[in-house]
Structures are given as C-alpha cells and as structure tokens.
Colleague: 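Once you've had a glance at the structure underneath, I'll fire off some questions.
Atom set for the values below is all heavy atoms of this structure, side chains included, hydrogens, waters and symmetry mates excluded. Bear in mind the structure is a predicted one, so any value in this text is a computation, not a measurement.
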Amino acid sequence: MEIKANDVNELRKKTGAGMMLCKKALEEANGSLEKAVEILRKKGVDTAMKKEGRITKDGTIISYIHPGGKLGVLLEINCETDFVAKTDDFQSFAKDIAMHIAASNPLYVRREDIPAEILEKEKEIYTYQLKEQKKPDNIIEKILPGKIDKYCAEICLMEQPFVKTPEISIKNLLTERIAKLGENIVIRRFVRFRLGE
C-alpha cells in the first residue's frame, strides 16, 4: 500500500516521531492514522519523545578503531543513569554509533552545531553555481533551501542513514533506543581520527 506524504506529516504532528518511524507505522497499519498512533505507542515511541530533554549526566565514552589501525573514533553518549549506561543494549548502541561515524565521516552531531559562517559559505557556492547555470534569481531562492538541507543531511550525524540499516536515520535509531531503554539518551560529541590527517 502506498503511504501518502500528508499522512506521514499528520502522524509526525500527532506523535513527534521521526519520518521513517511514522511511515513504517502507517505501512503496518495499512494507512490508518489511528492504528499507526497505537503502533507507535506500543513501541514506546511517544514516550521516548517525551523523555527527550531530560537531564543526561551519565553514559559512556567509547572508542572504535577500524581494522588496520588507521582510522579511529572517540564518542561520548549520555543517558540518565549508570544502570542503563552499563546495559548491553546501551553499550551496543554506542559501538554502532562509533562504527557509523568511522564509516560515514559526519562533521557535526546535529544541524544546530554547524557554524553560521560554514552555512553562509555553502550558500555562496551554491548561488554561484546556480547563476553559472543561468538560473533566474527567483528560481535560485527556491532551489537554495533544498541544497542546504541536502548538505546538512550529508554532514550531520543525526540526519545520516544508519550504515547497518540505511532505511533508518541515526535520529530514528536513537528514538527507538530511548523507547527501548526508557531513558533519555544524547549523542554528545565525537572525534574522528585518520592516520596522517
């Protein structure tokens, strides 16, 4: 069954869940909004969204060294309690994120972390490219936000597709893990090293 974008948006407004989670729930519910809400509630996604924003002072710092020893990642992920931080689920999630960072090379955790001058520079470059293609100014204004969105999605960890399951973003993976573990979890920061860089 084809899921309409309007239904996905409506479900997102009702639950606050990510786009892919909403689409999956609608597919599972054969397009019924009410059943999709119920499915998301059963999975704990609505509860997970409410947990976002709660204080996270515990967690772990984890390292990942790619085979061959030429690429490595140091990652800090926070949760609310030491109890959850020590669970296999949390540790496994942290390892998956570190491995994802090694493979996908994000530059920032989230869009808000991108310095304004970097975004301005990208806008200048895209504007120049579009003008070179003889696009009129009113068309450039319409194209530019989409190009910036695409750029942000490529360099921000939370917006990247998860390397192990590309149909789900890191943000949705995080939401699922919050729902499963029952605590807010925050991917705080990371450093990616490559030999010689």
Side-chain angles (χ1 to χ4, degrees), residues 3-29 31-62 64 73 75-101 103-104 106-114 149-150 152-190:
I3 302 300
K4 294 175 185 170
N6 285 345
D7 290 341
V8 173
N9 286 334
E10 185 66 29
L11 187 57
R12 287 187 73 189
K13 283 180 192 170
K14 281 187 176 182
T15 63
M19 190 175 70
M20 286 310 295
L21 289 174
C22 289
K23 190 177 175 195
K24 277 185 182 179
L26 281 164
E27 285 170 353
E28 204 175 321
S32 163
L33 271 173
E34 287 178 19
K35 283 184 183 173
V37 169
E38 197 178 314
I39 287 166
L40 288 173
R41 288 189 65 199
K42 282 179 183 171
K43 291 181 178 177
V45 170
D46 63 331
T47 310
M49 304 313 289
K50 290 174 189 166
K51 292 183 189 308
E52 286 183 5
R54 287 183 8 190
I55 295 171
T56 53
K57 290 185 174 175
D58 225 300
T60 190
I61 294 173
I62 197 161
Y64 169 81
V73 171
L75 167 70
E76 178 181 350
I77 296 188
N78 300 126
C79 59
E80 296 176 42
T81 64
D82 184 46
F83 175 77
V84 163
K86 289 179 178 172
T87 61
D88 289 344
D89 270 338
F90 185 84
Q91 291 295 319
S92 157
F93 176 68
K95 283 177 191 166
D96 278 347
I97 297 300
M99 185 207 60
H100 172 92
I101 292 168
S104 299
L107 302 178
Y108 305 95
V109 175
R110 51 193 66 80
R111 190 176 287 231
E112 305 81 67
D113 299 336
I114 304 174
D149 275 349
K150 188 178 175 197
C152 292
E154 287 172 0
I155 63 168
C156 293
L157 173 66
M158 296 297 277
E159 298 181 36
Q160 291 182 331
F162 179 40
V163 287
K164 284 185 169 179
T165 319
E167 58 272 13
I168 188 167
S169 69
I170 295 295
K171 181 173 176 28
N172 285 341
L173 184 69
L174 176 65
T175 301
E176 285 181 354
R177 202 52 57 111
I178 291 170
K180 186 174 183 184
L181 293 173
E183 279 195 9
N184 188 19
I185 299 171
V186 173
I187 301 173
R188 183 76 58 197
R189 55 188 164 172
F190 65 84

Colleague: Could you tell me which residues satisfy side-chain hydrogen bond (donor to acceptor under 3.5 Å, both in side chains) with R188, sequence neighbours excluded, listed by chain and number?
Modeller: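 Per chain and number, R188 pairs via side-chain hydrogen bond (donor to acceptor under 3.5 Å, both in side chains) with T56, N78.
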Colleague: At what distance, to the nearest 0.5 angstrom, does CG of L174 lie from CE of M158?
Modeller: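 L174 atom CG to M158 atom CE measures 4.5 Å (nearest 0.5 Å).
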Colleague: Within the distance-only criterion (no hydrogens, no angle test), does the side chain of R189 pair as donor or acceptor with the backbone N or O of V109 below 3.5 angstrom?
Modeller: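 It does not hold such a pair.
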Colleague: Provide the closest heavy-atom pair for C79 versus F90 in the form atom of the first, atom of the second, distance.
Modeller: CB-CE1, 3.7 Å
Colleague: Q160 side chain to A153 main-chain N or O, any donor-acceptor pair under 3.5 Å?
Modeller: no
Colleague: Between A85 and G59, which heavy-atom pair has the shortest distance, and what is it?
Modeller: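 Result for this residue pair: CB-O, 3.6 Å.
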Colleague: Can you give me the closest heavy-atom contact between Y108 and D113, atom names plus distance?
Modeller: CD2-O, 3.6 Å
Colleague: Could you measure the distance from the CD atom of E159 to the CG atom of L157? Nearest 0.5 Å is fine.
Modeller: 10.0 Å
Colleague: Just to verify, which of D58, N184, L181 counts as forming a side chain to side chain contact (heavy atoms under 4.5 Å, CB included) with V84?
Modeller: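 Result for side chain to side chain contact (heavy atoms under 4.5 Å, CB included) with V84: L181.
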Colleague: Any heavy-atom pair between the side chains of I62 and I97 that's under 4.5 Å?
Modeller: no
Colleague: Can you list everything that forms a salt bridge (Lys or Arg N to Asp or Glu O under 4.0 Å) with K86? Sequence neighbours excluded, please.
Modeller: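 Residues passing salt bridge (Lys or Arg N to Asp or Glu O under 4.0 Å) with K86: D82.
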Colleague: Taking atom SG of C152 and atom CD of E112, what is their separation to the nearest 0.5 Å?
Modeller: 9.5 Å
Colleague: Can you list everything that forms a salt bridge (Lys or Arg N to Asp or Glu O under 4.0 Å) with K35? Sequence neighbours excluded, please.
Modeller: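 In terms of salt bridge (Lys or Arg N to Asp or Glu O under 4.0 Å), with neighbours along the sequence ignored, K35 is linked to no residue.
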Colleague: Of all heavy-atom pairs between A94 and I77, which one has the smallest distance, and what is that distance?
Modeller: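 Looking at all heavy atoms of both residues, the closest pair is CA-CD1, 3.7 Å.
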Colleague: Can you tell me how far OG1 of T165 sits from CG of N172, rounded to the nearest 0.5 angstrom?
Modeller: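 Reported value, rounded in 0.5 Å steps: 11.5 Å.
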Colleague: Residues two or more places apart in sequence or in another chain: which of them pass salt bridge (Lys or Arg N to Asp or Glu O under 4.0 Å) with E38?
Modeller: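 In terms of salt bridge (Lys or Arg N to Asp or Glu O under 4.0 Å), with neighbours along the sequence ignored, E38 is linked to K42.
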Colleague: Is there a donor-acceptor pair closer than 3.5 Å between any side-chain N or O of E80 and the backbone N or O of K57?
Modeller: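 No, the answer is negative, given that no donor and acceptor are paired below the 3.5 Å cut-off.
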Colleague: Could you give the distance from NZ (K180) to CD (E176), rounded to the nearest 0.5 Å?
Modeller: 10.0 Å
Colleague: With rounding to the nearest 0.5 angstrom, report the CG to CD1 distance, L173 to I178.
Modeller: 10.0 Å
Colleague: How about CD on E34, more than 12 heavy atoms from neighbouring residues, nucleotides or ligands closer than 6.0 Å, or not?
Modeller: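 No, CD of E34 has 12 or fewer neighbouring heavy atoms, counting only those of other groups under 6.0 Å.
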Colleague: For the backbone of V163 and the side chain of H100, can you confirm whether one donor and one acceptor N or O come within less than 3.5 Å of each other?
Modeller: yes
Colleague: If you apply the rule side-chain contact (heavy atoms from CB on, under 4.5 Å), what do you find for I101 with Y64, and how did you get there?
Modeller: CA-CA 9 Å; I101 292 168; Y64 169 81; over 6 Å; no
Colleague: Would a distance-only check, ignoring hydrogens and angles, find a side-chain to backbone donor-acceptor pair under 3.5 Å from T87 to F83?
Modeller: no
Colleague: Applying salt bridge (Lys or Arg N to Asp or Glu O under 4.0 Å), name anything that partners D96, two or more places apart in sequence or on another chain.
Modeller: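 By the salt bridge (Lys or Arg N to Asp or Glu O under 4.0 Å) rule, D96 matches K164.
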Colleague: With a 4.0 Å cut-off, would you call R111 and D149 a salt bridge?
Modeller: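 Salt bridge present between R111 and D149.
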Colleague: How close do A29 and A36 get, heavy atom to heavy atom, and via which atoms?
Modeller: CB-N, 3.6 Å
Colleague: In a table with atom names and distances, give each donor-acceptor pair under 3.5 Å that connects a side chain of residues 19-28 to protein atoms at least two apart or in another chain.
Modeller:
residue	atom	partner	partner atom	Å
E28	OE1	K43	NZ	3.4

